[in-house]
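Written below as structure tokens is the structure these notes are about.
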Amino acid sequence: MSETERRWGAHPVDGGYWRIATWAPSAERVELVLGDRPQDMTRDAEGWHTATVEAAAGTPYAFRLDGRTFPDPASRHQDGDVFSPSLLVDPADLPLRRDWPGRPWETAVILEIHVGTFTREGTFDAARDRLHALADMGITAVELMPLGQFAGDRGWGYDVVLPDAIHPAYGSPAAFARFVQTAHDSGLMVLVDAVYNHFGPEGAVLHDLCPDFFDTARQTPWGAAIDFSRPEVVRYFLDNATMWLRDYGVDGLRLDAVHQIGDPGDTSFLTALADHVAALDLGRPVHLVTEDERNLAHYVAGDGVLRAQWNDDYHHAIHCLLTGEAQSYYAPFSVDPFGDLVTALREGQVDQGQERPRSDEPRGESSGHLPPACFVNANQTHDQVGNRAMGDRLIALTEAAAMRPVHAMLLLAPFVPMLFMGEEVGARAPFQFFTDFEGDLADAVRQGRRSEFPEFAAQKEEIPDPNARATFRASRPYADPAEDAGEWAELTRHCLALRRDHIVPRLQSGWRGTEVERLSDRSLSALWRFGDGTVEIAFTMEGPPPSLSRGLREIFYQAEETGIGLRVGIGEPE
């Protein structure tokens with residue numbers, strides 16, 4: 001078996017047969033239940049249990065161990081909920097556009113989407129109908145919050161327990177394949193948010209079927225840590241990446257909370273994943289993006305498949321600058337948010353291992369050597385909006401007039417911009433934390449949520465119940481468009497046309513260096529040099545923005561009510 005073939009799960013082989021395998025080294029005997037017929041599986045010395053059977057796609061199957069029946073931990077589709085039997089899925093039956101050439105990373109303009117709230121129906125098929133309009137606006141990539149199956153119908157997706165199984169509330173495997181095909185037909189890349197650092201609290205079959213998957217000596221907020229020192233465990237997640245990239249044809253993965261993968265400071269899994277993805281040789285660009293609270297920069301080079309990191313430091317500086325908030329992780333960024341913005345524009349990350357006021361300990365590595373496209377910048381994300389008590393968007397916490405120049409700066413600076421669904425049209429609808437648990441678990445999640453925010457101690461009952469369907473419904477950004485939605489859409493469209501025509505070509509010509517100067521307490525100028533010209537920004541919060549030193553083409557935004565202003569200039573090579 002080649003290293004790029006999937007080892008876990010069920011896979012068709014010649015003549016209508018399937019090879020079905022799972023790893024359970026502590027079990028001497030595992031039975032395969034195919035339909036209603038049990039049969040022994042063959043165990044090898046490494047603890048792999050394998051059977052080759054004749055069956056049709058769509059046939060239900062499960063594993064039986066010590067009288068208990070379990071779905072396949074690598075199930076591609078379930079015959080119901082996370083406790084139901086799995087179903088055989090043949091990737092050859094999925095619609096796949098094989099001539100899609102992909103897109104260079106420097107062209108990325110990302111819209112983060114939660115499939116369940118993106119449309120009223122909350123399905124892939126309904127979401128497909130919006131893709132052409134997004135592409136027409138200038139969006140070039142959609143990043144989907146996790147798609148693997150979790151308990152219940154509603155949730156953000158980070159409680160996934162069957163990461164290979166498409167969550168059935170969104171549609172079937174074929175429906176997701178059609179979504180990808182339509183996205184590619186519209187010129188959009190598709191990135192999938194992959195959760196490799198933990199499993200959800202209900203229905204995580206591996207705890208019982210394969211306890212060796214976990215390291216009980218290391219405890220996390222989700223229980224025993226996943227044991228990434230075991231090659232079989234690493235293979236489980238490499239197989240998942242193979243499925244998304246090869247079988248569904250997606251363009252990349254956003255890797256959730258990689259600081260929770262392995263021991264602190266360990267990046268060996270990321271290297272293994274990058275090597276594995278490169279070896280797939282898919283004939284098109286593939287992009288891996290990490291979320292890493294450690295601010296480690298050494299594994300991101302920009303010229304391999306590990307393209308970029310989410311740059312929360314940029315978000316925090318912007319958020320503190322506009323809101324004045326100073327609680328929790330905002331505390332270090334509340335001391336001098338404008339100075340942090342200067343650093344973020346100059347060097348990407350703000351925390352680079354230095355001592356910081358109001359910070360527990362230093363974190364991060366030097367990042368100023370990395371090209372701007374190695375950082376995904378955002379003013380809003382599902383994390384920073386949804387993890388607020390009421391799910392408030394940034395635009396609801398400040399004046400819309402203040403947001404417009406900040407929005408334009410995000411889209412026109414030479415970093416990779418990411419918008420959270422609805423942000424492109426100025427949506428005010430909250431994105432709240434929602435789940436679909438029952439019984440004691442539902443009570444624990446509800447009470448945990450309401451005790452999480454000390455500033456709401458006196459009004460904790462006002463914090464939305466995560467399990468209420470109304471909380472889920474309130475989080476649909478397009479259900480009730482804002483009065484100025486058309487103006488926001490036009491601003492987004494205008495900025496992204498300028499980005500496409502004048503900034504992306506410079507990004508693709510190669511970065512040559514950055515200069516950022518703080519001109520006053522609340523005014524800056526920034527210049528990025530590229531092989532094919534320059535991009536220059538002047539940004540202020542105290543009146544008209546400074547003049548630009550160069551720039552054959554100049555864009556100007558001024559929010560008179562707030563004093564926030566922006567100039568953007570595009571220059572020829574020096």
Side-chain angles (χ1 to χ4, degrees), residues 109-139 142-145 153-157 169-171 179 319 322-323 378-404 406-408 410-411 417-436 449 456 459 461-496 559 561:
V109 176
I110 303 169
L111 185 72
E112 188 189 16
I113 288 172
H114 179 271
V115 173
T117 54
F118 184 60
T119 63
R120 184 174 298 277
E121 298 84 356
T123 63
F124 294 123
D125 284 343
R128 288 170 62 208
D129 294 339
R130 296 185 56 86
L131 294 178
H132 180 74
L134 293 179
D136 184 65
M137 180 176 279
I139 303 296
V142 289
E143 180 180 303
L144 306 181
M145 290 171 65
D153 286 337
R154 306 179 302 278
W156 282 10
Y170 304 156
F179 175 92
H319 187 94
L322 294 180
T323 68
N379 293 333
Q380 302 181 79
T381 71
H382 79 272
D383 263 335
Q384 312 305 341
V385 175
N387 283 320
R388 299 180 64 84
M390 310 304 290
D392 324 89
R393 289 175 178 260
L394 182 57
I395 195 173
L397 303 174
T398 188
E399 298 178 58
M403 282 297 300
R404 290 191 178 97
V406 171
H407 182 68
L410 174 73
L411 299 182
M418 185 176 75
L419 303 171
F420 184 48
M421 59 177 188
E423 189 176 357
E424 77 282 10
V425 292
R428 272 67 162 185
F431 185 73
Q432 298 173 339
F433 180 70
F434 50 83
T435 57
D436 189 20
R449 185 70 175 171
F456 278 85
Q459 302 92 24
E461 296 304 315
E462 297 177 14
I463 296 175
D465 177 0
N467 296 290
R469 189 175 291 274
T471 304
F472 168 76
R473 288 174 175 164
S475 301
R476 295 170 175 163
Y478 305 103
D480 186 17
E483 290 184 2
D484 57 355
E487 297 173 29
W488 275 94
E490 185 53 37
L491 174 59
T492 301
R493 186 186 307 276
H494 176 61
C495 289
L496 292 183
E561 308 95 310

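Position 1 is the first residue of the sequence, and the numbers go up from there.
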Separation of [Y] [atom2] from [X] [atom1] (nearest 0.5 Å):
X      : Y      : atom1 : atom2 : value
Leu144 : Tyr170 : CG    : OH    : 9.5 Å
Arg469 : Asp436 : CZ    : CG    : 7.0 Å
Ile110 : Thr381 : CD1   : OG1   : 12.0 Å
Phe434 : Thr117 : CZ    : OG1   : 5.0 Å
Leu134 : Ile113 : CG    : CD1   : 6.0 Å
Thr119 : Asp129 : OG1   : CG    : 8.5 Å

Just jot down the side-chain contact (heavy atoms from CB on, under 4.5 Å) partners of Ala135, sequence neighbours excluded, or say none.
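For Ala135, the residues satisfying side-chain contact (heavy atoms from CB on, under 4.5 Å) (neighbours in sequence not counted) are Ser186, Leu188.
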Set of side-chain contact (heavy atoms from CB on, under 4.5 Å) partners for Pro417, sequence neighbours left out
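In terms of side-chain contact (heavy atoms from CB on, under 4.5 Å), with neighbours along the sequence ignored, Pro417 is linked to Val109, Leu410, Leu411, Arg499.
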Are [X] and [Y] close enough that some pair of their side-chain heavy atoms sits under 4.5 Å apart?
X      : Y      : answer
Gln384 : His319 : no
His114 : His382 : no
Arg493 : Asp136 : yes
Ile395 : His407 : no
Phe420 : Arg393 : yes
Phe431 : Trp156 : yes

Sort and list the pairs that fulfil side-chain hydrogen bond (donor to acceptor under 3.5 Å, both in side chains) and have at least one residue in residues 473-482, not counting sequence neighbours.
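Sorted result for residues 473-482: Glu424-Tyr478.
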Taking all atoms of both residues into account, what is the closest heavy-atom pair of [X] and [Y], and its distance?
X      : Y      : value
Ala427 : Pro477 : CB-O, 3.6 Å
Ala389 : Pro464 : O-CD, 3.6 Å
Ala468 : Arg154 : C-NH2, 4.5 Å
Gly426 : Ala482 : O-CB, 3.8 Å
Asn379 : Leu394 : O-CD2, 3.7 Å
Gly391 : Gln432 : CA-CG, 4.2 Å

Could you tell me which residues satisfy side chain to side chain donor-acceptor pair (under 3.5 Å) with Thr398, sequence neighbours excluded, listed by chain and number?
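Side chain to side chain donor-acceptor pair (under 3.5 Å) check on Thr398 returns nothing, list empty.
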Angle between ring planes, Phe124 versus Phe179, binned at 30° and 60°: parallel, tilted or perpendicular?
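Judged by the thresholds at 30° and 60°, the geometry between Phe124 and Phe179 is tilted.
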Taking only residues two or more places apart in sequence or in another chain, which ones pass salt bridge (charged side-chain N to carboxylate O under 4.0 Å, His left out) with Asp484?
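For Asp484 the salt bridge (charged side-chain N to carboxylate O under 4.0 Å, His left out) partners, ignoring immediate neighbours, are Arg404, Arg428.
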With Asp465 via salt bridge (charged side-chain N to carboxylate O under 4.0 Å, His left out) - residues at least two apart:
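Salt bridge (charged side-chain N to carboxylate O under 4.0 Å, His left out) list for Asp465, sorted by chain: Arg446.
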Derivation and outcome, side-chain contact (heavy atoms from CB on, under 4.5 Å), residues Thr492 and Val425:
CA-CA 8 Å; Thr492 301; Val425 292; over 6 Å; no
